[in-house]
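Accompanying notes for the structure given below.
For ligands, and for the atoms within them, numbers begin at 1 and follow the listed sequence. Worth knowing before you read on, the calculation uses all heavy atoms, side chains too, and leaves out hydrogens, waters and symmetry mates. If you read the sequence from its start, that first residue is 1, and numbering goes on from there.
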Amino acid sequence: MADTLTITDNRTGRTYELPITHGTVRAGDLRKIKTGDDDFGLISYDPALVNTALCTSRITYIDGARGILRYRGYPIEQLAEDSTYLEVSYLLLNGELPPRAQLAEYTRAIDAHRAAPDGFEQLLDGFAKHPYPMGVLTASVAALSTYHPESRQIFDEAARREAMYTLIGVVPTLAAYAERHRSGRALVPPDPSLSFPGNFLAMLFGEPGKPYNPQPVLERALDLLFVLHADHEQNCSTFAMRAVGSSHADPFNSAAAAVAALSGPLHGGANEAVLQMLAEIGSISHIPEFITRVKAGDGRLMGFGHRVYKSYDPRAKIIKRTADEVFEITGKNPLLEIALELERIALQDDYFVSRRLYPNVDFYSGLIYQAMRIPTDMFPVLFAIPRMSGWLAQWEEMLLDPETKIARPRQVYLGPDRRDYVPPLHHDRAGKERPEAERAIVHGLHAVRPGADGQRVGRDSRREHAAHPDRRPLRHEAVPAVPLRRSQRRRFEHRDAARTRTRAATPQVAVHDRARLLRRRRSAR
Ligand code: ACO
């Protein structure tokens, strides 16, 4: 059986055979399908790219129907059980798990980049008083490009890797600084003696100059959350990273775009939204009423549903187990019972079952972060820290792919056909076009047309212009009012009086403009 697709264009009766590779047809092949020489060719229409493969990739595999997630072929369950975030980070970037010596070297390389650049604190001073931390992180990551101009050499492997290690190493520091700065607490610099997650906890909760001993269960839980969030193939933020990077922007600016994309409540902001939702529900007895509202289209059950997973998100299962370990140390999060009951009810409800809506990674992660005393609006920031590895692996793969071109999708234009510009004042406030006479009034064109017998006819619209609510100020009115000196005022009064006299003495005045008036008088002589 040939791996091809035969298409008959019923507009022309012509038949085309397109190759099928890896279960896809090339959208570019559709361009051959034309009605004539001046036809651009067929384009596939795919809003939100729900059924379009943007690239080939060897990094992450997801089977949404069966709830499978693998990094470089390794099942997420095994990595969650036995690996660490930095090992996974190396795996994502390099394709293979590191031998022990290489992992040590990689860890040293990342640790060497933990410190924020000199002068970075002044940048924080420039933000608003209590800023949203994702906004600060987006700006901070973009600002790094100004400290690392060599990162623009994206095809120089050494420069590229240096920038990648900088981003992975420094992003926890930027994240912790964003939180400490807005809460008015002194910044705690990175501690090289601590692990990657332990150091982050120290920068968040420690005191400057005092040793901080991270609680081992919390340190491990955070590391596990980092493993689970490290990559997730072509999601919204990874797409942003690839799309911006395809213009050959430096990795800092590309990563800033990815952080920005992650901040939305439909993506990385979802775990923050889950906690807000659980707090709003408030008690188990309010769940049925909440579910009824969601089913009626009033809001969404946050932390449920996924573009790719149409069964239980494997990461949510792992997080649910970890939550119990964390709560043993921190005490139970009171919202957990609401979450568990919400999940139980939703998974029995036909609305969610028929749409294959299951808990995603964000349904339980926020509960753990909250139990660890991390502020709710910092949750997306905690997502960005590990996802940096995934973004960079995807970015480098994109750059080195010979098929890569600058991202430039097409559109289906449905707007108006060519039309001529109409100044805004040609329409009234309801958008209706004004008749020509009214337009003249609005614009202050004080036209007075001569009648056949030499008498003035038409209207002197000056008064109407002055009274019109949408009047366009006359040129001299647009000048800011400054008090005139007495002599100036006299001069203007004298000029106005002279004009009035001239007009009264000249019945056939067509326009109020002085130059044209003089021309007219000369030709009348
Ligand atoms: N609650 C209620 N209904 C939902 C939900 C939800 N969480 N998610 C989807 N639906 C419904 C939609 O209303 C739609 O119903 P309809 O067919 O009657 O119109 C149907 O399910 C399909 O929904 P889409 O929006 O088309 O699904 P899509 O794949 O575009 O959306 C998304 C995926 C954005 C994740 C969505 O499920 C959602 O908004 N979930 C809540 C937010 C969330 O948890 N995001 C985190 C995702 S994981 C991550 O980014 C790390």
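Classified by interplanar angle (parallel below 30°, tilted 30° to 60°, perpendicular above 60°), the ring pair His229/Phe383 is perpendicular.
Listed for the Arg72 side chain is a donor-acceptor partner under 3.5 Å among the backbone atoms of Leu92. Without hydrogens or angle criteria, Thr173 side chain to Arg114 main chain gives a donor-acceptor distance under 3.5 Å. Asn94 places a side-chain N or O within 3.5 Å of a backbone atom of Tyr90 that can act as its donor or acceptor partner. Side chain of Ser254 to backbone of Pro251: no donor-acceptor contact under 3.5 angstrom is found.
Residue His232 forms a ring-ring contact (aromatic ring centres under 6.0 Å, His included) with just one option from Tyr309, Tyr71, Trp391, and that option is Tyr309.
Of the protein's non-hydrogen atoms, the one nearest atom 50 (O) of ligand 1 is His267 ND1, 3.0 Å. For atom 40 (N) of ligand 1, the nearest non-hydrogen atom of the protein is Phe304 O, 2.9 Å. Counting protein heavy atoms only, atom 48 (S) of ligand 1 is closest to His306 CD2, 3.6 Å. The nearest protein atom to atom 9 (C) of ligand 1, hydrogens excluded, is given as Leu357 CD2, 3.5 Å; this is a heavy-atom distance. Regarding atom 2 (C) of ligand 1, its nearest protein heavy-atom neighbour is Val294 CG1, 3.5 Å. At the top of the distance list for atom 46 (C) of ligand 1, counting protein heavy atoms only, stands Ala270 CB, 3.4 Å. Of the protein's non-hydrogen atoms, Arg355 NE, 3.1 Å is the one closest to atom 15 (O) of ligand 1. If you check which protein heavy atom lies closest to atom 42 (C) of ligand 1, you get Met302 CE, 3.4 Å.
In this structure, Phe383 has a heavy atom closer than 4.0 Å to ligand 1.
The nearest protein heavy atom to atom 21 (O) of ligand 1 is closer than 4.0 Å. Under the 4.0 Å distance rule, the nearest protein heavy atom to atom 27 (O) of ligand 1 falls outside the cut-off. At a distance under 4.0 Å, a protein heavy atom can be found next to atom 36 (C) of ligand 1.
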Could you check Glu233 against Ser57 for side chain to side chain donor-acceptor pair (under 3.5 Å), going step by step and ending with a plain yes or no?
CA-CA 8 Å; Glu233 54 121 305; Ser57 181; over 6 Å; no

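Across the listed options His232, Arg300, Arg307, Arg300 owns the non-hydrogen atom lying nearest to atom 24 (P) of ligand 1. Closest heavy-atom approach to atom 1 (N) of ligand 1 among the candidates Leu301, Leu266, Asp362, Val274: Leu301.
Close N/O approach between Asn360 and ligand 1 is found [any backbone or side-chain N/O within under 3.5 Å]. By the 3.5 Å distance cut-off applied to N or O atoms, Gly303 is counted among the residues near ligand 1.
Taking a cutoff of 4.0 Å between a charged side-chain nitrogen and a carboxylate oxygen, Glu396 and Arg160 qualify as a salt bridge.
Under 3.5 Å, the side chains of His267 and Ser237 contain a donor-acceptor pair of N or O atoms. In summary, the side chains of Glu162 and His113 do present a donor paired with an acceptor at a separation below 3.5 Å, with no hydrogens or angles considered.
Both tests hold for Arg355 against Tyr351: distance to the six-membered ring centre under 6.0 Å, angle to the ring axis within 45°.
The side chain of Tyr351, and not its backbone, has at least one atom closer than 4.0 Å to an atom of ligand 1 (non-hydrogen atoms only; side chain from C-beta on).
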